[in-house]
Amino acid sequence: MSQTEDIKYMASALAMARRGLGQTAPNPSVGAVLVGHEKGNVILARAVTGPGGVPHGEPQVLEMAGDKAKGATLYVTLEPCNHQGRTPPCTQAIIKAGVKRVVIASTDQDERVLGSGIACLQAAGIEVTTGVLVTQADQLNAGHFLRQTKRRPYTIVKMAVSKDELILQGQDSGPDKGPAWVTSALARQRGALLRAEVDAILVGTQTALVDDPSLTCRLNGLETRSPIPIILDKDLKLPKDLKLLQKSALLQPIIVCKHGLPEEQKKQYADNDPHFIDVPLDKSEQLDLRALLEQLAAQGLTRLLIEGGPRVAKSFIEQNLVDEVMVFKGDQDIGAGGVLPFHDQPLRWVHNHPLFTLAREEKLKETVIYCYQRIEACQQNGS
């Protein structure tokens, strides 16, 4: 197999892996493509990690191919596991199937794997190639890696700003008191897709009160891929009739409050049946965001989207807890009534921030999307 062919088939595996983003926690979304060689190079099977992390992609393609897997080449976006977890080791399934060669994009940072999967395959006489499209794979695996190495999920801040780089104070600010959008319909669909690719979505108290959002993925066919809603409510003062707290909501909401509140305050939400996370306060008497992310990671979450308003966005960035900032900039001015996107800081604050670099720019009709990523992550990925 040539390098060009390896890149082609790994790109196919990465496309499969992307399909599973937001669906496979606590496991990473791993794409697998099996290529047979009996009559030229032919794709025998494609798969991605199943919902909730099982089954893994590798045993799926091996089962699909059956006896044809013998002598084939397996392309996988992350090093196959070599330990007994909720499923048997993928390495043993690969060896048993008679696969001749395995091409791996990223080495797993999970200490239970961390090179042992590669070593096991090589010890069985299987040819192993690593590092094919590793930059793209590392980006897809970033949430899994951060959960293993830094005990927090991959965290994305998303916001929509106007042409004059302000944000709306609430979703009822339009002339008809309905949604007042500053971005194009196509860009809003792109934002909805982002919701489908994360495990959870977080807002602050003010956003919950003013906007009363549902935080669901409103794309046809992807409604069931809505992320878990998380609300910051330090003193448990939010009203019970918010959309996010209704039992009819798709997923059980999480309310984040401070340690030590009387249980009676939680009981007021008994009919809404939320899940509570208690965290300590930091030096400024606000919720300790790092402690929150550690708890979310401990519960298996790997990708978090923040749509929490200016104060929340700035707080996460200031505490060095953000990996990506996505800014959707429309072509209409807001003028009076608009507020700065990062509380008391303009958009150029993140543009000039020492932690971030403008990684890519995308135009969707009237809207421009600016994606800022952590400089250290870009350097590690070779970009």
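Heavy atoms only: backbone and side chains are in, while hydrogens, waters and symmetry mates are out. Residues take their numbers from the sequence shown, with the count starting at 1.
At least one donor-acceptor pair under 3.5 Å links the side chain of T205 to the backbone N or O of L232. Under the 3.5 Å distance criterion, the side-chain polar atoms of R188 are matched with a main-chain donor or acceptor of T183. Listed for the R290 side chain is a donor-acceptor partner under 3.5 Å among the backbone atoms of Q319. Listed for the Q246 side chain is a donor-acceptor partner under 3.5 Å among the backbone atoms of L242. E79 places a side-chain N or O within donor-acceptor distance of the main-chain N or O of I118, the cut-off being under 3.5 Å. Between the side chain of Q295 and the backbone N or O of D278, at least one donor-acceptor pair lies under 3.5 Å.
Residues L238 and L244 are members of one and the same hydrophobic cluster, defined by side-chain heavy-atom contacts under 4.5 angstrom among Ile, Leu, Val, Met, Phe, Trp and Tyr. Residues L202 and L193 fall into different hydrophobic clusters, defined by Ile, Leu, Val, Met, Phe, Trp and Tyr side chains chained together at heavy-atom separations under 4.5 Å. Hydrophobic cluster membership is shared by I43 and L133, with clusters built from Ile, Leu, Val, Met, Phe, Trp and Tyr side chains linked at under 4.5 angstrom. V132 and L34 fall into different hydrophobic clusters, where Ile, Leu, Val, Met, Phe, Trp and Tyr are joined by side-chain heavy atoms under 4.5 Å apart, directly or via other members. One hydrophobic cluster holds both L293 and L355 under the rule that ILVMFWY side chains link at heavy-atom gaps under 4.5 Å.
D67 CG: 12 or fewer foreign heavy atoms inside a 6.0 Å radius. Applying the 6.0 Å contact sphere to CZ of R195 captures more than 12 heavy atoms from other residues, nucleotides or ligands. Within a 6.0 Å sphere centred on CZ of R190, heavy atoms belonging to other residues, nucleotides or ligands number more than 12. The neighbour count for Q265 CD, taken as heavy atoms of other residues, nucleotides or ligands under 6.0 Å away, is above 12. By the neighbour-count criterion of 12 heavy atoms within 6.0 Å, atom CD of Q268 is densely surrounded, having more than that number from other residues, nucleotides or ligands. Annotation: H259, atom NE2; neighbour count of heavy atoms from other residues, nucleotides and ligands within 6.0 Å is above 12. K363 NZ: more than 12 foreign heavy atoms inside a 6.0 Å radius. By the 6.0 Å contact criterion, CD on E63 is open, its count of non-hydrogen atoms from other residues, nucleotides or ligands being 12 or less.
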I would like to know whether E264 and K267 meet salt bridge (Lys or Arg N to Asp or Glu O under 4.0 Å); could you show each step before the answer?
CA-CA 5 Å; E264 289 300 318; K267 288 181 180 178; 3.5 Å; yes
Begin with the C-alpha distance, continue with both residues' side-chain angles, and end with the deciding distance and a verdict on salt bridge (Lys or Arg N to Asp or Glu O under 4.0 Å) for K314 and D344.
CA-CA 9 Å; K314 185 185 178 189; D344 55 357; 2.6 Å; yes
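Considering every non-hydrogen atom in both G300 and A25, the closest pair reads O-CB, 3.2 Å. Closest non-hydrogen pair, L166 versus I334, comes out as O-CD1, 3.6 Å. Of all non-hydrogen atoms in T207 and E307, the two that sit nearest each other are CG2-O, 3.9 Å. The two residues Y154 and A142 make their nearest non-hydrogen contact at CD1-CB, 3.5 Å. Across all their heavy atoms, I231 and A208 have their closest contact at CG2-CB, 4.0 Å. Across all their heavy atoms, C90 and E58 have their closest contact at SG-OE1, 3.6 Å.
With contacts defined as side-chain heavy-atom distances shorter than 4.5 Å, the pair C257/K266 qualifies. With contacts defined as side-chain heavy-atom distances shorter than 4.5 Å, the pair L296/I277 qualifies. The closest side-chain heavy-atom distance from V325 to V322 is below 4.5 Å. At a threshold of 4.5 Å between non-hydrogen side-chain atoms, the residues L140 and L78 do not count as touching. By the 4.5 Å heavy-atom criterion applied to side chains, D199 and P153 are not counted as neighbours. Y370 places none of its side-chain heavy atoms less than 4.5 Å from the side chain of V350.
Here the options are K158, R360, R303, the test is salt bridge (Lys or Arg N to Asp or Glu O under 4.0 Å), and the partner is E324; only R360 passes.
In this structure, K150 does not pair ionically with D323, as no charged nitrogen and carboxylate oxygen lie closer than 4.0 Å.
Applying the side chain to side chain contact (heavy atoms under 4.5 Å, CB included) test to K240 and every residue at least two apart in sequence or in another chain returns Y269, N272.
A donor-acceptor pair shorter than 3.5 Å cannot be found between the side chains of D110 and H144.
Between F342 and W349, the ring planes lie tilted relative to each other; the angle falls in the 30° to 60° range.
Between the CG atom of D331 and the OG atom of S184 there is a distance of 8.0 Å, given to the nearest 0.5 Å. Taken from CZ in R152 to CZ in R147, the straight-line distance is 13.5 Å, to the nearest 0.5 Å.
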